[in-house]
Amino acid sequence: MQVKHLLLIAILALTAACSSKEVVDENLSEAELYQQAQTDLDNNSYTSATAKLKALESRYPFGRYADQAQLELIYANYKNAEPEAAKSAAERFIRLHPQHPNVDYAYYLKGLTSFDQDVGLLARFLPLDMTKRDPGAARDSYNEFAQLTSRYPNSRYAPDAKQRMIYLRNLLAAYEIHVADYYLTRQAYVAAANRGRYVVENFQETPSVGDGLAVMTEAYQRLHLDELAATSLETLKLNYPNHPSLQDGQFVPSVAEADNRSWLSKATLGLIESRPPLPPGETRANQDVQKQFQDAKDAIPNELKPKDENGDVIEEERHEAEGNNEDRSWFSYMTFGVFD
């Protein structure tokens with residue numbers, strides 16, 4: 001049944017989009033235009049109201065209703081689901097009338113437009129998690145409401161704007177935690193720790209601060225940064241003792257440690273390791289760079305290598321490696337060093 005409703009709404013939207021623009025009578029006076037626009041707004045005919053308000057502004061730019069028409073054009077565009085047009089009209093009014101007694105309304109509608117911009121057609125019918133979506137519009141809305149509350153703290157719209165800012169702040173913090181969790185699953189522990197610290201430092205008093213501390217603890221543990229992990233864990237226990245990551249006072253990572261062994265190593269239960277496990281602080285990239293350096297060093301012609309007094313090439317590292325090989329057992333030689 002919901003699919004039929006969505007199809008019906010889509011058909012009606014396409015029909016409305018393809019319909020011809022309304023032609024406004026050129027003989028209407030300023031008062032008549034404004035009155036008809038008000039009637040259209042009362043009847044939720046926002047497309048028709050937009051056409052009349054634009055005509056009123058263009059025909060009577062210095063009339064008694066010009067400023068009010070510009071304000072109501074912002075509202076009409078907002079209700080007509082045209083966010084870009086609404087924000088453009090709001091910015092134009094703020095630029096032209098910075099001292100207008102109702103300029104706070106333009107700031108409020110500008111923030112409200114960004115606030116509702118993510119709530120599209122599908123979001124009204126499907127249970128979408130807004131904390132996992134692109135936070136661009138939410139961040140814009142927060143900044144626009146912040147301008148309203150800082151410039152006009154006594155505005156009638158300030159209390160509602162502050163409540164929406166609290167919601168948006170919680171949403172932005174939750175989004176950062178989702179990104180940090182993704183980094184944990186991808187083993188990007190430095191990026192995950194940075195995201196968690198960003199939440200702790202910039203989103204205080206939000207529900208996601210505890211999650212940020214948990215992310216920092218887990219990431220630092222994976223990086224073997226024991227001191228930082230212990231500090232984050234103590235802060236988590238002190239401020240959020242009931243956090244889901246704490247069970248009986250012990251920290252439980254949200255992501256299991258990844259097994260990076262090859263299929264051959266897993267199949268032989270670790271008897272045959274294609275590549276040895278990395279020591280703490282070491283990375284595969286660092287090993288690859290070292291190998292490239294050694295290969296380049298071995299490729300240097302003998303005439304360019306340093307020589308001793310007798311003219312022989314100095315190869316101390318090679319001699320040390322050969323000396324170490326003398327201690328290998330016959331079993332190591334037979335298996336080519338696989339079981340060393």
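Quick caveat, the model's predicted, so the values are computed rather than measured.
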- Item | Rounded distance (nearest 0.5 Å) linking atom NZ of K87 with atom CG of L112 | 12.0 Å
- Measure across L33 and A55 and return the closest heavy-atom pair with its distance rounded to 0.1 Å. CD1-C, 4.2 Å
- Query: Who else is in the cluster with I177 when I, L, V, M, F, W and Y are joined by side-chain contacts under 4.5 Å?
  - Reply: L172, Y198, V199, F203
- Note on the structure: Here the gap from L236 atom CG to T231 atom OG1, rounded to the nearest 0.5 Å, amounts to 12.5 Å
- Item | Point-to-point distance, once rounded to the nearest 0.5 Å, from CD of Q68 to CG of L56 | 10.5 Å
- Item | Heavy-atom pair with the smallest gap, counting every atom of P253 and R222 | CB-NH2, 3.7 Å
- Message: Is there a path of hydrophobic side-chain contacts, each under 4.5 Å between heavy atoms of I/L/V/M/F/W/Y residues, joining I166 to L171?
- Response: no
- Give a yes or no on whether a salt bridge exists between E57 and R92, defined as a side-chain N under 4.0 angstrom from a carboxylate O. yes
- Decide side-chain contact (heavy atoms from CB on, under 4.5 Å) for M165 and T149; before the verdict, give the C-alpha distance in whole Å, the side-chain angles of both, and the deciding distance to 0.1 Å. CA-CA 10 Å; M165 287 174 67; T149 56; 4.0 Å; yes
- Query: Sub-3.5 Å donor-acceptor pair from the side chain of K52 to the main-chain atoms of Q36, do we have one?
  - Reply: no
- Taking the side chain as every heavy atom from C-beta outward, state whether V200 and R197 have any atom pair closer than 4.5 Å. no
- Message: Between Y108 and D160, is there a side-chain donor-acceptor contact under 3.5 Å, judged purely by atom types and distance?
- Response: yes
- Salt bridge flag under 4.0 Å for residues K110 and E91: yes
- Task: Tell me, yes or no, whether the heavy-atom count around E227 atom CD, taken from other residues, nucleotides or ligands under 6.0 Å, exceeds 12.
- Result: no
- Okay, side chain of S114, backbone of G111: is any donor-acceptor separation there less than 3.5 Å? no
- Message: Please report whether the ring centroid of Y157 lies less than 6.0 Å from that of Y152.
- Response: no
- Residues which pass side-chain hydrogen bond (donor to acceptor under 3.5 Å, both in side chains) with T206, listed by chain and number, not counting sequence neighbours: none
- Where I74 and A106 come nearest, the two heavy atoms and their spacing: CD1-CB, 4.1 Å
- Inspect the surroundings of NZ in K54 and state if more than 12 heavy atoms from other residues, nucleotides or ligands are less than 6.0 Å away. no
- Check which hydrophobic residues are tied to V252 through side-chain heavy-atom contacts below 4.5 Å, counting indirect links as well, and list them. none
- Task: Using the side-chain contact (heavy atoms from CB on, under 4.5 Å) rule, take F115 and Y142 through it: C-alpha gap first, then chi angles, then the decisive distance, then the call.
- Result: CA-CA 8 Å; F115 185 87; Y142 183 88; over 6 Å; no
- Which distance, rounded to the nearest 0.5 Å, do you find between the OG1 of T47 and the CG of N80? 3.5 Å
- Are Q221 and Y189 close enough that some pair of their side-chain heavy atoms sits under 4.5 Å apart? no
- Query: If you take all heavy atoms of A214 and S245, which pair is closest and at what distance?
  - Reply: CB-OG, 3.7 Å
- Looking at residues at least two apart in the chain, or sitting in another chain, which of them share a salt bridge (Lys or Arg N to Asp or Glu O under 4.0 Å) with E234? none
- Got a second to check how far L148's CG is from Y105's OH, nearest 0.5 Å? 12.5 Å
- A180 to A192 - nearest heavy-atom pair and separation: O-CB, 3.7 Å
- Item | Apart from L96 itself, residues in the same hydrophobic cluster as defined by side-chain heavy atoms under 4.5 Å | none
- Query: Is the closest side-chain heavy-atom distance between Y34 and E30 below 4.5 Å?
  - Reply: no
- Query: Should side-chain heavy atoms under 4.5 Å link Ile, Leu, Val, Met, Phe, Trp and Tyr, which residues sit in the same cluster as L73?
  - Reply: L53
- F93 ring center near H100 ring center (under 6.0 Å): yes
- Hey, what's the ring geometry for Y78 with Y75, parallel, tilted or perpendicular (30° and 60° as the breaks)? tilted
- Pair V209-Y240, side-chain contact (heavy atoms from CB on, under 4.5 Å): steps then yes or no: CA-CA 9 Å; V209 173; Y240 303 92; 3.3 Å; yes
- Check whether any side-chain N or O of T185 sits under 3.5 Å from a backbone N or O of Y182 as a donor-acceptor pair, and report yes or no. yes
- Query: Quick check: does any side chain N or O of T39 sit under 3.5 Å from a backbone N or O of Q35, one acting as donor and the other as acceptor?
  - Reply: yes
- Message: Under a 3.5 Å threshold, yes or no: a donor from one side chain and an acceptor from the other, between D40 and S48?
- Response: yes
- Task: Show your working on side-chain contact (heavy atoms from CB on, under 4.5 Å) between H243 and D211 and close with a plain yes or no.
- Result: CA-CA 8 Å; H243 194 270; D211 298 329; 2.7 Å; yes
- Item | Side-chain heavy-atom pair L246, L233 within 4.5 angstrom cut-off | yes
- Find the distance between OH (Y183) and CG (D181) and round it off to the nearest 0.5 Å. 12.0 Å
- Query: Closest heavy-atom contact between T50 and A76?
  - Reply: OG1-CB, 3.5 Å
- Distance-only donor-acceptor check, side chains N102 and H97, under 3.5 Å: no
- Query: Hey, would you say the Y60 and Y65 ring centroids sit under 6.0 Å apart?
  - Reply: no
